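Quick notes on the structure that follows.
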Amino acid sequence: GINAEYGGHNAIINTLAINTDNVLFSGADNGSMNFWDWKTGYNFQQLTTTVQPGSLESEAGIFASIFDKTSTRLITCEADKTIKIWKEDETATPETHPINFKSTRNKKKW
């Protein structure tokens, strides 16, 4: 089985979603969004949502999330009363978005 620890948020995590490419999304109360490789636990992307004009920063929370049937778009339901659809950056390459992964799988916690 998989035994990984997923850290990275400084707020309460409200929602998780996973797609068919084993990308795990986590969304939190403060609008932080993390994308993980499910199998390794590697956090390969961190974003923060933007509240709609006229909303308070405290309304940045992400309450619910799901990937669409193609697994290429993420749909979020947010505290600022919006539903947002996110898609992958099609111009991203290993050169523009390098992955610096160091496995913590055998790392002792004590």
Side-chain angles (χ1 to χ4, degrees):
I2 296 171
N3 185 11
E5 183 176 318
Y6 298 92
H9 287 281
N10 291 324
I12 295 169
I13 297 172
N14 292 323
T15 183
L16 298 171
I18 192 165
N19 72 8
T20 56
D21 292 325
N22 289 314
V23 172
L24 175 68
F25 166 80
S26 57
D29 265 352
N30 63 355
S32 59
M33 304 169 62
N34 288 334
F35 294 84
W36 314 82
D37 176 69
W38 167 253
K39 291 185 179 181
T40 64
Y42 176 65
N43 183 341
F44 63 87
Q45 186 173 12
Q46 298 175 338
L47 298 170
T48 302
T49 191
T50 305
V51 296
Q52 70 175 334
S55 294
L56 303 172
E57 284 301 313
S58 62
E59 294 178 315
I62 301 170
F63 292 149
S65 61
I66 191 169
F67 282 97
D68 71 352
K69 289 186 180 195
T70 67
S71 286
T72 60
R73 291 180 296 263
L74 175 71
I75 303 165
T76 58
C77 171
E78 303 188 11
D80 64 355
K81 301 179 187 90
T82 61
I83 295 172
K84 295 182 179 130
I85 301 173
W86 305 81
K87 71 174 190 163
E88 176 176 354
D89 182 355
E90 295 169 353
T91 64
T93 66
E95 291 76 29
T96 62
H97 294 78
I99 295 176
N100 300 314
F101 175 66
K102 292 183 180 99
S103 178
T104 59
R105 207 169 181 99
N106 294 322
K107 185 178 175 183
K108 295 194 181 212
K109 296 192 186 232
W110 297 279

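None of the values given here were measured: they were computed from a predicted structure.
Other residues, nucleotides and ligands contribute at most 12 non-hydrogen atoms within 6.0 Å of the CD atom of Glu88. The local environment of CG in Leu56 is crowded, with over 12 non-hydrogen atoms from other residues, nucleotides or ligands closer than 6.0 Å.
For the side chain to side chain donor-acceptor pair (under 3.5 Å) with His9, the lone residue among Asn34, Asp29, Asn30 that qualifies is Asn34.
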Checklist line | Trace of the side-chain contact (heavy atoms from CB on, under 4.5 Å) decision for Met33 with Trp86 | finding: CA-CA 11 Å; Met33 304 169 62; Trp86 305 81; 3.6 Å; yes

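At a threshold of 4.5 Å between non-hydrogen side-chain atoms, the residues Lys87 and Leu74 do not count as touching. No side-chain heavy atom of Glu78 sits less than 4.5 Å from a side-chain heavy atom of Phe63. Residues Asn14 and Ile62 have side chains not in contact (no heavy-atom distance under 4.5 Å, counting atoms from C-beta outward).
Using a distance-only test at 3.5 Å, with no hydrogens or angles considered, a donor-acceptor pair links the side chain of Asp80 to the main chain of Gln52.
Here Phe67 pairs with nothing under the ring-ring contact (aromatic ring centres under 6.0 Å, His included) rule; sequence neighbours left out.
Under a hydrophobic-cluster definition in which Ile, Leu, Val, Met, Phe, Trp and Tyr are linked whenever side-chain heavy atoms come within less than 4.5 Å, directly or via other members, Val51 and Ile75 are assigned to different clusters. In this structure, Leu24 is not a member of the same hydrophobic cluster as Ile66, with clusters built from ILVMFWY side-chain heavy atoms closer than 4.5 Å.
The heavy-atom pair separating Trp36 from Gly41 by the smallest distance is CE3-O, 3.4 Å.
Judged by distance alone, the side chains of Thr49 and Lys84 do bring a donor and an acceptor atom under 3.5 Å apart.
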Scan the side chains in residues 15-23 for donor-acceptor partners under 3.5 Å anywhere in the protein, sequence neighbours excluded, and list what turns up.
residue, atom, partner, partner atom, Å
Thr15, OG1, Ser65, N, 3.0
Thr15, OG1, Ser65, OG, 2.6
Asn19, OD1, Asp21, N, 2.9
Asn19, OD1, Asn22, N, 3.3
Asn19, OD1, Val23, N, 2.9
Asn19, ND2, Ser71, O, 3.1
Thr20, OG1, Ser71, OG, 3.1

